[in-house]
Amino acid sequence: MGELDRRSRRPYGGNLPMKSLSPALQAHLDDGTTTLAWCWRITRVDGVSFGFTDHDRTLSFDGTDFEPESGLTASEVRSGSDLSVDAQDAEGVLTSDRITETDILDGRWDNGEVEVWRVNWTDTSQRVLMRRGAIGQIRRGRLAFVAEVRSLAHVLGQTVGRTFQATCDAALGDARCGVDLEGPAYKGTGAVIDLLRDRSFTASGLGGFASGWFTFGTLDWTSGANAGRRTEVLGHDVTDGIAVLTLLEAPVRSIADGDAFTIRAGCDKRMETCGAKFANTVNFRGFPHIPGQDAVLRYATKDGGHEGSVL
């Protein structure tokens, strides 16, 4: 991206909202010889903030130190006058100790809040906030990554409100559901006995639970390389009295024998399960009697058939 247009006080292209520049920064731009750098402040969803700059020394302002030579560079800022989602790519190599491939794979950088600043590196009080956004898709390799920085307009594309569907739209254990997943009936602890595949293993400590009890539930690792991380359970089977767990996705770090975990029951969102497994029909948040897609195939007959079912 080029320098700020000194006449219009906005980036070349003319589509970004007009920026309000301080008199000192405007005077610096009007001088003809500029000392400008890019600074990025990224606040992850866990609240941890990081600063990066393409300058060759550390820049500091607003309580953040912006790390130099982090390998982070940015494409031009693209913005339109409509409500479409604008994007900028931030490309870099994994040279910073604070950007690790493991953290990227763990999703710790997903949807992080991003501020993009243009700063006079000789006097950081002369700066302008170019845009705010959020980290979107991250494409990564062994030595480099490209992170998409989406504009705030991406929030307008998110679905807001409830969905009319036969199954429940509440998350098991939340305020709308009301089930206490900390109760002994819905919570268990165990450890890995033997690894079957990269995301499937036998486990101890779950002998008192029926097969399928933890299917669609969650598992929190309490020891081992994955300690502190949560994953979803795809399947829970019992073979010869031994629990076999299959995770939805393989963890970033390998599972090892003896890794301990806490696991909580799952729900398939059907009304029958809500009543039989959790005795919680009163809080069911679906519409079990809503007509299904087969309703459009029905037609009247004397025998009452032809309801769209398989013949």
Side-chain angles (χ1 to χ4, degrees), residues 45-46 83 85 106-107 110-111 134 136-137 150 152-190 199-200 203 206-221 229-239 243-251 261-301 303-311:
V45 292
D46 57 7
L83 294 179
V85 178
D106 280 344
D110 293 351
N111 205 35
Q137 181 183 16
R150 297 175 178 172
L152 295 179
H154 84 281
V155 179
L156 300 177
Q158 298 180 5
T159 301
V160 178
R162 296 189 62 188
T163 301
F164 287 88
Q165 59 186 23
T167 55
C168 181
D169 65 354
L172 181 63
D174 68 6
R176 297 173 62 230
C177 170
V179 172
D180 182 13
L181 291 178
E182 298 304 312
Y186 305 124
K187 178 181 176 181
T189 58
R199 59 189 179 99
S200 182
L206 305 180
F209 297 94
S211 178
W213 192 255
F214 295 109
T215 298
F216 305 130
T218 58
L219 183 147
D220 296 292
W221 295 104
R229 289 166 174 78
R230 170 172 291 187
T231 185
E232 296 179 74
V233 179
L234 179 63
H236 168 215
D237 301 302
V238 177
T239 303
V244 179
L245 299 177
T246 302
L247 306 180
L248 181 63
E249 295 180 340
F261 59 83
T262 299
I263 191 170
R264 292 172 176 83
C267 181
D268 60 8
K269 308 297 184 179
R270 297 186 304 120
M271 187 173 184
E272 295 80 4
T273 303
C274 186
K277 187 173 182 177
F278 302 102
N280 194 43
T281 305
V282 65
N283 288 325
F284 185 74
R285 302 297 177 175
F287 302 87
H289 304 299
I290 194 171
Q293 295 181 352
D294 61 339
V296 299
L297 303 177
R298 296 177 182 176
Y299 57 93
T301 62
D303 60 6
H306 303 286
E307 296 180 347
S309 59
V310 178
L311 297 177

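What you see is a predicted model; the values in this text were computed from it and never measured.
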Quick one: does any side-chain atom of Lys277 pair with a main-chain N or O of Gly266 as donor and acceptor, under 3.5 Å?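 Yes; judged by distance alone, with no hydrogens or angles, the pair exists.
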Does Thr215 reach the main-chain N or O of His236 with its side chain, forming a donor-acceptor pair under 3.5 Å?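 Here the side-chain-to-backbone pair exists.
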Which heavy atom of [X] sits nearest to which heavy atom of [Y], and what is that distance?
| X | Y | answer |
| --- | --- | --- |
| Ser200 | Val244 | OG-CG1, 4.1 Å |
| Leu181 | Ala265 | CD2-O, 4.4 Å |
| Tyr186 | Phe214 | O-CE2, 4.1 Å |
| Asn111 | Ala134 | OD1-CB, 3.7 Å |

Just jot down the ring pair (Phe, Tyr, Trp, His ring centres under 6.0 Å) partners of Phe216, sequence neighbours excluded, or say none. none
Pairs in or reaching into residues 207-218: which pass salt bridge (charged side-chain N to carboxylate O under 4.0 Å, His left out), with residues at least two apart or in two chains?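 Every candidate salt bridge (charged side-chain N to carboxylate O under 4.0 Å, His left out) pair involving residues 207-218 fails, so no pair, neighbours aside, qualifies.
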Sequence-distant partners of [X], salt bridge (charged side-chain N to carboxylate O under 4.0 Å, His left out), two or more places apart:
| X | value |
| --- | --- |
| Glu272 | Arg270 |
| Asp169 | Arg162, Arg176 |
| Arg264 | Glu182, Asp220 |

Counterpart residues, side-chain contact (heavy atoms from CB on, under 4.5 Å), relative to Phe284 (two or more places apart): Cys168, Met271, Cys274, Pro288
Taking only residues two or more places apart in sequence or in another chain, which ones pass side-chain contact (heavy atoms from CB on, under 4.5 Å) with Cys177?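 Testing Cys177 for side-chain contact (heavy atoms from CB on, under 4.5 Å), a comparison that skips the adjacent residues, returns Ala170, Leu172, Asp174, Val179, Asn280.
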Apply side-chain hydrogen bond (donor to acceptor under 3.5 Å, both in side chains) to [X] and list each qualifying residue two or more places apart in sequence or on a separate chain.
| X | result |
| --- | --- |
| Thr231 | none |
| Glu232 | none |
| Arg199 | none |

Approximate separation, where rounding is to 0.5 Å, of Gln165 CD and Ile290 CD1: 8.5 Å
For Trp221 and Phe261, take the angle between the two ring planes, folded into 0 to 90°, and tell me which bin it lands in: parallel under 30, tilted 30 to 60, perpendicular over 60.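 Rings of Trp221 and Phe261: perpendicular, over 60°.
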Could you tell me whether the side chain of Leu245 reaches within less than 4.5 Å of the side chain of Ile263, counting heavy atoms only?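 Touching, per the 4.5 Å side-chain cut-off.
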